[in-house]
Amino acid sequence: MLRIGLTGGIGAGKSTVSRTLAECGAFIVDSDVIAREVVEPGTPGLIALVEAFGESILRPDGALDRPALAAIAFQDDVHRTTLNGIVHPLVGARRAELMSAAGKDAIVVEDIPLLAENSLAAFYHLVLVVHADIETRVTRLVTHRGMDEQDARSRVAAQASDEQRRAIADVWLDNSGDTDVLAQTVRDLWAERLQPYAHNLRTRQREPWAPELVPADPTWPVQAQRIVNRLAVACGSKALRIDHIGSTAIPGLDAKDVIDIQVTVESLDVADALADPLADIGLPQIVGITADEPHDAEIATWGKRIHAAADPGRAALVHVRVDGWPGQRFALIFRDWLRSDPQARAEYLSIKQAAERAAAEANGDPGAYVDAKEPWFAAAYPRALAWAAETGWTP
């Protein structure tokens, strides 16, 4: 099951995205719909709300008066926390019931307005954020939902900022303009990323990529953090530490658009125990690779496990290495050495460019790219260790 988190600020227009995804075949779980269900007349949810906020939140027919509740609940953090404490557990339980009804091969889209606020992003394979500027959102709330302007602005201000949502967004969908254009963007996303991702997830296979250098992307660390967060959920206490490593972790360095992450564990047995949890979050194991190229005589301590992304939209490699083994230490030392040494960084870029040419001559074979870099790595290994000793580096 491919789980997609869909979110965006109030008035951003998630409904257009949700409706289009449903038309494409997604199984939609809408938190707003659920939130209404769990506080219908006679439900424990509505009884709890009346106990917390008083009978002024009820309409004459006994149903919930949502504007009246909002006027009270969104006036400060204490009241908002009380509201969330009542409604969120009920919504979660109902959501779980609906999820169980979806087939195991489904693409499930959970529409969750407060996904960012409740730190839920790491529990989804992908997060889609629908965006519209504040003034557009306020206008929509006043015009289409009949809200008072001040109430609309208060509701917008009470939610996550654009910066907070960008940090969790695997896909950023702008809904400030033509909704037909947005709908086509969503259909393209479904065909080019979501369906292939679901297939790869189901068959536990990686998405291939070409060994092609691209200009340094300043957002690589933020993208890496999203992967780190998902790994932290999947690995739990089995991960001693999780680090962004490799070329994309070195500011300003051109690199393949592939995020490298290292998960440090106690033993290779633990690494093997993580094979299924990592595959479940879209990182299937590359079975044929069980060790790094050794750079010293202790060959047995260069073992590792490696996983690659099933997501067609974000290439990634996850190296699972044992704490204190030379490969684990070298991955961290090498990153920090290149961050601090401009000459070594320039050398490495030159080697990467030569490796890219070698791969092109081999019809894009990733193995040719790796092989072309290996002699330089062998020579760089003692240099990096010497730098670590001279500077007093610690992991």
Side-chain angles (χ1 to χ4, degrees), residues 216-232 234-268 270-271 274 278 283 286 289-309 315-349 351-352 370 373-395:
D217 184 344
T219 72
W220 276 333
V222 177
Q223 296 182 56
Q225 188 60 51
R226 291 197 286 270
I227 300 172
V228 168
N229 293 344
R230 289 178 175 120
L231 285 166
C235 296
S237 61
K238 289 184 175 66
L240 303 181
R241 60 183 294 157
I242 306 175
D243 296 277
H244 182 198
I245 60 168
S247 298
T248 60
I250 302 165
L253 181 65
D254 294 351
K256 302 190 306 298
D257 188 17
V258 181
I259 303 293
D260 284 274
I261 304 292
Q262 177 169 269
V263 177
T264 298
V265 295
E266 290 183 350
S267 67
L268 289 180
V270 174
L274 288 173
L278 296 194
L283 292 162
I286 303 177
I289 301 176
T290 58
D292 289 307
E293 185 70 25
H295 295 302
D296 60 29
E298 301 296 327
I299 296 176
T301 60
W302 287 86
K304 74 169 182 180
R305 302 294 182 261
I306 187 166
H307 297 248
L317 287 171
V318 175
H319 310 258
V320 188
R321 296 187 174 105
V322 176
D323 188 28
W325 283 15
Q328 184 263 350
R329 287 176 56 82
F330 181 50
L332 300 174
I333 291 172
F334 182 75
R335 177 199 64 189
D336 295 348
W337 174 47
L338 290 193
R339 284 176 174 176
S340 69
D341 189 328
Q343 180 179 344
R345 191 162 61 245
E347 282 181 33
Y348 186 44
L349 177 58
I351 292 299
K352 287 159 69 71
V370 174
K373 292 196 304 180
E374 195 53 45
W376 185 83
F377 267 106
Y381 182 66
R383 293 171 60 193
L385 295 188
W387 170 85
E390 291 168 5
T391 59
W393 177 90
T394 57

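Residue indices begin at 1 and follow the sequence shown.
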Is there a side-chain contact between [X] and [Y], using heavy atoms and a 4.5 Å cut-off?
{"X": "C235", "Y": "L278", "result": "yes"}
{"X": "P251", "Y": "R339", "result": "yes"}
{"X": "V265", "Y": "D323", "result": "no"}
{"X": "V228", "Y": "I261", "result": "yes"}
{"X": "V320", "Y": "H307", "result": "yes"}
{"X": "I306", "Y": "V318", "result": "no"}
{"X": "I242", "Y": "N229", "result": "no"}
{"X": "L253", "Y": "L349", "result": "yes"}

Keeping the roles fixed (side chain from [X], backbone from [Y]), state whether a donor-acceptor pair exists under 3.5 Å.
{"X": "R345", "Y": "L338", "answer": "yes"}
{"X": "D341", "Y": "Q343", "answer": "yes"}
{"X": "Q328", "Y": "G324", "answer": "yes"}
{"X": "T219", "Y": "V222", "answer": "no"}

Please name the pair of heavy atoms, one in [X] and one in [Y], separated by the smallest distance, quoted to 0.1 Å.
{"X": "P326", "Y": "Y381", "value": "CB-OH, 3.7 Å"}
{"X": "W325", "Y": "T301", "value": "CE3-O, 3.0 Å"}
{"X": "I227", "Y": "A316", "value": "CD1-CB, 3.8 Å"}
{"X": "L317", "Y": "A308", "value": "CD2-CB, 3.8 Å"}
{"X": "D257", "Y": "A315", "value": "O-CB, 3.6 Å"}
{"X": "Y348", "Y": "S247", "value": "CE2-OG, 3.4 Å"}

What is the distance from atom [atom1] of [X] to atom [atom2] of [Y], rounded to the nearest 0.5 Å?
{"X": "I250", "Y": "R335", "atom1": "CD1", "atom2": "CZ", "answer": "9.0 Å"}
{"X": "I289", "Y": "K304", "atom1": "CD1", "atom2": "NZ", "answer": "6.5 Å"}
{"X": "L274", "Y": "L231", "atom1": "CG", "atom2": "CG", "answer": "9.0 Å"}
{"X": "F334", "Y": "W387", "atom1": "CZ", "atom2": "CH2", "answer": "11.5 Å"}
{"X": "K352", "Y": "W376", "atom1": "NZ", "atom2": "CH2", "answer": "9.5 Å"}
{"X": "Q262", "Y": "H319", "atom1": "CD", "atom2": "NE2", "answer": "8.0 Å"}

Is it true that the side chains of [X] and [Y] contain a donor and an acceptor less than 3.5 Å apart?
{"X": "H244", "Y": "D260", "answer": "no"}
{"X": "D336", "Y": "W393", "answer": "yes"}
{"X": "W337", "Y": "T391", "answer": "no"}

Quick one: do D292 and R321 make a salt bridge, cutoff under 4.0 Å?
yes
Can K373 and E293 be counted as an ion pair, charged N to O under 4.0 angstrom?
no
For E266, does the CD atom have more than 12 heavy-atom neighbours from other residues, nucleotides or ligands under 6.0 Å away?
no
Chi angles and distances behind the side-chain contact (heavy atoms from CB on, under 4.5 Å) call for T248, D217:
CA-CA 8 Å; T248 60; D217 184 344; over 6 Å; no
Go through the steps to decide whether W302 and H295 satisfy the test ring-ring contact (aromatic ring centres under 6.0 Å, His included), and finish with yes or no.
CA-CA 9 Å; W302 287 86; H295 295 302; 5.4 Å; yes
side-chain contact (heavy atoms from CB on, under 4.5 Å) assessment of K238 paired with V263:
CA-CA 9 Å; K238 289 184 175 66; V263 177; over 6 Å; no
